[in-house]
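First comes the structure, then the notes that go with it.
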Amino acid sequence: MGTQTMGSEGDAAAQAKNMLSLTRQGSLYNLTLDEIQSQLGDRGKPLGSMNLDELLKSVWTAENNFHSEPALSLHRQGSLTLAQDLSNKTVDEVWKDIRQKKSDDNQENEAQARQTSLGEMTLEDFLIKAGAVNESTTPGQNNSGPGLEVDSIATVQQNVSQHAQWMQYQLPSVQLQPQHQHQHQNNLMAVYMPTHTIQQSLPITANPVLDAQYPDNQMTMSPSSLMGALSDTQTPGRKRVASGDVVEKTVERRQKRMIKNRESAARSRARKQAYTQELENKVSRLEEENERLRRQRAEVILPCAPPPEPKYQLRRTGSAPF
Amino acid sequence: MFVPSVGMSVYYGSKHVTNGCDVKPSMATSPPKLNITGHSDELYTLVMTDPDAPSPSEPRMREWVHWIVVDIPGGTNPAQGMEILPYMGPRPPVGIHRYIMVLFQQKAPLGLVEQPPTRANFNTRLFAGNLDLGLPVATIYFNCQKEPASRRR
């Protein structure tokens, strides 16, 4: 981690407690992720694919350069240590998690309206949500097993339109991004390729975000309904002289393949999670039963510790002695 | 969501089916040994479906119904009930499918229930609604995928 010139002031400790207090000091945390990206522009790495670790590092070093006051260099490692798994995720993944958490919580369209696109969200909000998201998304949602697929079909339509809306929010941020001319596109850009195919890819690319957990079957329905619509438009253009059309179709096909692959991966993860959950349940059930049986056995043995029958009773005592 | 209130144990051969476990199609060609708890004076309905038909990424035929048995007395097994739709073993053409067995408690004997016109696009919820079955009292599900045709090289 970068060297921190420790604020000599004693209240550095107090300030470290609450990250939000930084807002009063007009730090980088107030800026939107877009603005941060432009600040970090010369770091050379696109925001989306950065690990949270790197992102925070860059932010901190930028802050230190930005503010000369030592009081603000309170970014001791302790104040913002991320959970192990959180820091290894890229910004994009965490963003997906956040979106997923949102669509889990509120199924209304208003929820989508409230959310800003990734670029427009402030870093602070993002981190809060990331932090909050990471704590609460634990694999504890599989208790009902498959959750009766049948359940979700009604909500799927709703979800599809939600994500169509979300895509529209993404567009503005896509247009903002091109300002930051990086060598390599960040993940957002790569997926939402700003070509004329974007109209078609919009519905498709909505789906990777639906890294739904297994019982949440909304994901499985929407790709099919959207893909169904799209597959009709696709005609096999093999063996034709390479033209713009064919190239475009190849690209489309590749995108679709990628999306299908992602969904498959998500399903696989969900399956694995469900299985693990089931195993854990089984183990705890068995342990409890084991414990119960042991106790039972102990109780049965102790009171029945046979008081040895007085042996001499085996001799005849009743009959007349001779 | 529902609360399970009846025990249901499913065995394909010697394999005890637990949620999310894997079963090979070759092991599931015949109906499983299935036992339920519940009161002996209650009747139960069992439905088995595949929500991932024909493929999990494109479940156009969701759900594909594999088995319907009604009027199963509590504490017994489907052989004691009335088989409305004969058992059909899993034959997933593409991908890994989930197969769900749902048990409902009946309010009254159902007798000869009309067979669905097709196994495709079945809707368990609707079916239960039509027969006034209420929420499930037990479920179990397993995964199944096509077995590789030839031996691995």
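Residue numbers begin at 1 in each chain, while the letters A, B, ... track the order of the sequences.
Atom CG of residue A:N261 and atom OG of residue B:S57 lie 10.5 Å apart, to the nearest 0.5 angstrom. The structure places CG of B:N19 at 11.0 Å from NZ of A:K282, a figure rounded to the nearest 0.5 Å. Atoms CD and CD, on B:E58 and A:E263 in that order, are 9.5 Å from each other to the nearest 0.5 Å.
Applying the 6.0 Å contact sphere to CD of B:E114 captures no more than 12 heavy atoms from other residues, nucleotides or ligands. Other residues, nucleotides and ligands contribute over 12 non-hydrogen atoms within 6.0 Å of the CZ atom of A:R292.
Of all heavy-atom pairs between B:G20 and A:Y275, the closest is O-CD1, 3.6 Å.
The side chain to side chain donor-acceptor pair (under 3.5 Å) contacts involving residues 24-39 of chain B comprise B:S26-B:E147, where partners must be two or more places apart or lie in separate chains.
Looking only at side-chain heavy atoms (C-beta outward), B:C21 and A:E278 stay at 4.5 Å or farther from each other.
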